[in-house]
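Worksheet: one structure, shown below.
In what follows, chains carry the letters A, B, and so on, assigned in the order in which the sequence lines appear, proteins first and then strands, with residues in each chain numbered from 1.
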Amino acid sequence: MSEEKRLNFLEEIIESDLETGKYDSIQTRFPPEPNGYLHIGHAKSICLNFGLTQRYKGSTNLRFDDTNPSTEETEYVDSIKEDIRWLGFTWANEFYASDYFDRIYSMAVELIEKGLAFVDDSTPDEIASFKGTPTVPGKPTPGRSRSVAENLRLFEAMKAGKYPDGAMVLRAKIDLASPNMHMRDPIIYRIKHTHHHRTGDKWCIYPMYDFAHGQSDSIEHITHSICTLEFIPHRPLYDWFIEQLGIFPSHQYEFARLNLTYTVMSKRKLLQLVNEQYVSGWDDPRMPTISGLRRRGYTPESIRDFCERVGIQKRENIIDVSLLEFCLREHLNKVAPRRMAVLDPIKLILTNYPADQVETMEVENNPEDPNAGTRPVPFTYQLWIEREDFMEIPSKKWFRLAPGAIVRLKNAFIVRCEGFSKDEAGNITEVHATYLPESRSGKDTSGLTVKGTIHWVSVPHAIKAEIRLYDRLFRSENPAAEEGDFKDHINLNSLQIIPEAYLEPGMALADAQTRYQFIRKGYFILDKDSTPGQLVFNQTVTLKDTWAKEAKKI
RNA sequence: UGCCCGAUAGUAUAAUGGUAGUACGACAGUUUUUGGUACUGUUUGUCUUGGUUCGAAUCCAGGUCGGGCAACCA
């Protein structure tokens with residue numbers, strides 16, 4: 001227990017805040033906008049916000065940042081809640097920025113009364129051009145000099161629905177010459193005659209992010225409001241509103257968002273992949289969404305472990321997806337029951353094994369777990385084995401089947417290859433072998449040592465299943481950074497369907513929640529498309545394959 | 001050419017003025033009835049130039065490079 005955990009910069013700030021007595025406990029929030037599904041980048045934020053209040057005394061709210069009704073839907077609210085729960089976190093309160101619309105409206109009125117906000121009826125183009133540029137200061141629009149009474153009257157009328165969308169906005173009156181563009185009289189309310197997923201048609205004006213987020217934090221007494229780097233320039237504005245309104249001083253802290261190699265991580269791009277049907281949906285197993293990873297077979301444990309390992313920093317980063325896969329394999333290796341499945345079958349005929357005999361082999365369920373036990377698997381003279389486990393002319397370092405070579409059939413016998421047959425096209429159709437009766441697993445008296453062990457499934461007992469293999473969705477490490485359209489870099493072979501693989505018979509009763517290891521082939525989980533008569537498995541991830549590398553060298 | 005943020009092995013992440021360490025990856029090997037797992041070893045790094053200091057990845061100054069900011073998006 002003496003192992004010291006290194007603190008990230010947020011933990012250091014929090015420990016200091018707790019030590020100095022600035023706070024007795026901390027309060028964080030996870031603030032998604034319900035306009036898309038959560039992805040692995042959000043998982044980093046979720047693990048951060050909830051992790052902090054697990055580690056230190058405090059609690060975390062789930063707050064939907066639903067201030068833009070034109071993009072937000074209840075479907076997204078539901079998926080977000082499901083994903084957070086699945087990741088293993090429980091929020092203290094479920095809040096919505098829309099819960100605070102009345103209070104936020106009053107705050108706007110207060111700002112007007114203090115002469116710190118005004119109604120502007122300039123056109124969007126006018127507002128933009130009067131804002132100046134980063135190097136040229138802005139100029140006041142005519143509305144800026146309106147009286148408090150007039151502003152109050154107009155804002156009231158905006159709320160009452162007297163004006164169409166875009167006719168006018170409410171702006172904070174700050175500093176049109178600020179080098180920070182966000183301080184150049186930012187818009188804080190706009191007119192949108194749009195039905196809201198929660199408040200319905202009660203409102204036709206909605207606060208902007210900058211006039212809702214900090215206020216919501218403050219209302220909830222959030223002590224540490226954690227967001228991503230692009231909000232850094234918003235912080236002075238965040239603080240300005242809190243100061244002018246004299247409300248609870250929440251503080252904003254920023255960290256670098258997660259990026260992963262060979263994928264994209266923006267909701268806009270992910271939505272494009274869905275809408276343009278490059279994938280089957282938000283939960284397509286190739287998507288970096290939480291729902292996609294879940295369907296693919298990822299475990300919450302492995303995702304949490306990954307988020308812990310990537311760390312929290314302020315520098316931009318792109319994490320190698322192999323780290324995610326490492327975390328997954330590490331977890332699955334410990335917990336996944338082993339099974340045998342042949343994905344690309346050829347027949348192995350044991351010429352000296354009685355044709356009418358069926359033996360039951362006891363096969364280990366998980367060599368990593370002594371308590372996992374064994375299961376019976378039927379063995380006959382006709383077996384399915386992987387096509388790639390036989391080589392007519394073996395290469396160097398090959399220690400699977402080849403003419404004259406011996407190999408062990410996992411948890412069964414050692415066999416010697418005696419020959420093979422081909423069809424007219426020259427494809428191997430059958431491999432012939434003899435088995436060594438004295439080499440049975442557990443009572444092997446053959447004295448032989450074999451270098452290779454392969455898996456098998458008895459032909460008459462095999463059950464069929466569809467298996468879906470996945471590869472990375474993009475060919476480029478960082479498709480978003482490539483020239484042109486990111487979709488030009490999509491990997492067109494990211495999904496490979498094996499319509500008919502052969503599985504050991506017990507898999508007919510496969511459990512939908514269990515991630516299985518198909519020995520030597522990777523980890524697999526039942527897909528939601530699966531039915532009792534037509535099993536469908538997703539390959540979660542392959543096993544590390546050092547032979548594949550060796551084979552490439554040749 | 002305004003303001004803001006950042007820069008440590010291939011990718012991430014520590015070292016908080018005192019031996020540049022860890023993980024993933026890669027490479028090599030040992031063990032193995034999964035070419036899996038486990039274990040061992042190897043490889044590669046402080047953006048740059050000055051300054052402060054007995055001593056700088058760390059503090060200071062200049063530069064370089066990367067990123068962000070001018071939505072009635074969040």
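- Among the heavy atoms of the strands, none lies under 4.0 Å from A:Gly36.
- Annotation: proximity of residues 135-142 of chain A to RNA chain B (heavy atom, distance under 4.0 Å) is found for A:Thr135, numbered in ascending order.
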Between side-chain atoms of residues 319-328 of chain A and protein atoms elsewhere (two or more places apart, or another chain), which donor-acceptor pairs fall under 3.5 Å?
unit_1   : atom_1 : unit_2   : atom_2 : d
A:Asp320 : OD1    : A:Ser322 : N      : 3.0
A:Asp320 : OD1    : A:Ser322 : OG     : 3.1

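- Under the rule for a side-chain contact (heavy atoms from CB on, under 4.5 Å), the partners of A:Lys192 that lie at least two apart in sequence or sit in another chain are A:Asn68, A:Pro69, A:Ser70, A:Arg190, A:Thr194, A:Tyr206.
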Between the protein and nucleotides 40-46 of chain B, list every N/O to N/O distance that falls short of 3.5 Å.
none

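- Take A:Leu293 and apply the side-chain contact (heavy atoms from CB on, under 4.5 Å) test, not counting sequence neighbours, and it matches A:Ile40, A:Tyr298, A:Ile303.
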Symbol by symbol from the 5' end, with Watson-Crick or G-U pairs under 3.5 Å, [ ] crossing and | another strand, RNA chain B is .((((((..((((....[..)))).(((((.......)))))....(((((..]....))))))))))).....
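- Residues forming a ring-ring contact (aromatic ring centres under 6.0 Å, His included) with A:His455 (at least two apart in sequence, or on another chain): none.
- Counting non-hydrogen atoms of other residues, nucleotides and ligands closer than 6.0 Å to NZ of A:Lys139 gives a total of 12 or fewer.
- With sequence neighbours left out, the ring-ring contact (aromatic ring centres under 6.0 Å, His included) criterion links A:Phe118 to no other residue.
- For the residue pair A:Thr289 and A:His39, no side-chain donor N or O sits within less than 3.5 Å of a side-chain acceptor on the partner.
- A:Pro137 pairs by the side-chain contact (heavy atoms from CB on, under 4.5 Å) definition with A:Ala177, not counting sequence neighbours.
- Looking at residues two or more places apart in sequence or on another chain, you find a side-chain contact (heavy atoms from CB on, under 4.5 Å) between A:Asp344 and A:Glu386, A:Arg387.
- Base contact: A:Asn333 has a heavy atom under 4.0 Å from a base atom.
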Reading 5' to 3' through nucleotides 65-74 of chain B, protein heavy-atom contacts under 4.0 Å coded B for base, S for sugar-phosphate only, - for none | --S-SB-BSB
Which parts of nucleotides 17-31 of chain B does protein reach within less than 4.0 Å, heavy atoms only, written one letter per nucleotide 5' to 3' as B for base, S for sugar-phosphate only and - for none?
-> ------SSSSSS---
